[in-house]
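A short worksheet on the structure shown next.
A quick note: this is a predicted structure, and the numbers were derived from the prediction, not measured. The chains referred to below are lettered A, B, ... by the order of the sequence lines, with proteins before strands, and numbering in each begins at 1. Note that these values count all heavy atoms, side chains included, but never hydrogens, waters or copies made by symmetry.
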Amino acid sequence: AAGVIQSPRHLIKEKRETATLKCYPIPRHDTVYWYQQGPGQDPQFLISFYEKMQSDKGSIPDRFSAQQFSDYHSELNMSSLELGDSALYFCASSPREGGIRGYTFGSGTRLTVV
Amino acid sequence: DAKTTQPPSMDCAEGRAANLPCNHSTISGNEYVYWYRQIHSQGPQYIIHGLKNNETNEMASLIITEDRKSSTLILPHATLRDTAVYYCIVNRGSSNTGKLIFGQGTTLQVKP
């Protein structure tokens with residue numbers, strides 16, 4: 001069965017650089033969620049999209065932005081990277097009908113800022 | 001969304017049942033109890049969910065107290081591969097639901 005695809009799996013950037021993380025949801029899933037998990041921390045919700053519109057926003061820094069495209073894939077753009085942005089970034093997708101039961105997480109992107 | 005309280009860690013012998021408790025005393029009538037687990041740095045994995053009745057699937061059983069203020073996730077025959085952080089999450093399960101809020105989960109260590 002198709003899963004949530006995230007790319008790249010690993011990314012190393014220097015401070016003040018920019019990074020773009022991509023998420024390809026499960027086919028027919030129209031909602032995408034982004035989470036950040038720092039070392040030893042629990043996943044923290046960043047932002048979500050439904051039908052290409054932002055549906056909810058969590059503790060996402062102003063330096064970060066995201067969008068969902070017409071094919072439902074989503075990209076998380078991170079600028080002016082800081083050392084503290086080093087974390088695992090997970091994307092999850094779900095069908096609108098079915099709520100959290102339908103959440104499927106990707107394998108994540110590990111971002112290291114040096 | 002209601003908050004949950006879980007013990008930070010638990011041990012279990014391989015082959016035995018693992019019983020993971022969760023308190024959610026402020027749960028509302030339309031909120032479901034969900035369990036996810038995260039195996040070392042992998043994406044969280046859905047296990048089971050329920051509203052009022054006990055539930056069972058191929059992975060686990062979920063026992064919810066009658067007052068719905070607490071629940072227990074049961075892994076009937078724990079294996080070493082069940083070693084993970086287990087998250088109990090309370091949220092609305094309707095089509096208007098949104099983000100999952102991860103609190104401090106329980107780190108389950110299954111020992112040989």
Should [X] and [Y] be regarded as members of a common hydrophobic cluster, given that ILVMFWY residues are connected when their side-chain heavy atoms come within less than 4.5 Å of each other, either directly or indirectly?
X	Y	value
A/L46	A/L88	no
A/I60	A/M53	no
A/I5	A/F105	no

Sub-4.5 Å side-chain heavy-atom contact between B/P44 and A/Y35 |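 SC-SC contact between B/P44 and A/Y35 ruled out.
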Validation row: B/F102, A/F45 side chains within 4.5 angstrom (heavy atoms) = no
Testing the basics here: between [X] and [Y], what is the closest heavy-atom pair and its distance to 0.1 Å?
X	Y	result
B/Y46	A/Y103	CB-O, 4.5 Å
A/D42	B/Y87	OD1-OH, 2.8 Å
B/Q42	A/F90	O-CZ, 3.4 Å

Side chain from CB out, backbone as N, CA, C, O: work out which of these in B/Q104 comes under 4.5 Å of a heavy atom of chain A, or both, or neither.
-> both
[atom1]/[X]: more than 12 non-hydrogen atoms of other groups inside 6.0 Å:
X	atom1	value
B/D67	CG	yes
A/K52	NZ	yes
B/R16	CZ	no
B/L51	CG	yes

How many angstroms lie between CD1 in A/I47 and NZ in B/K99, if you round to the nearest 0.5 Å?
->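 Nearest 0.5 Å value for the CD1-NZ distance: 11.5 Å.
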Which atoms of A/Q37 come close to chain B, meaning under 4.5 Å heavy atom to heavy atom: side chain ones, backbone ones, both, or neither?
->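 For A/Q37, side-chain heavy atoms alone lie under 4.5 Å from chain B.
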Using non-hydrogen atoms only, which part of A/S55 is less than 4.5 Å away from chain B: side chain, backbone, both, or neither?
->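 Neither part; nothing is under 4.5 Å.
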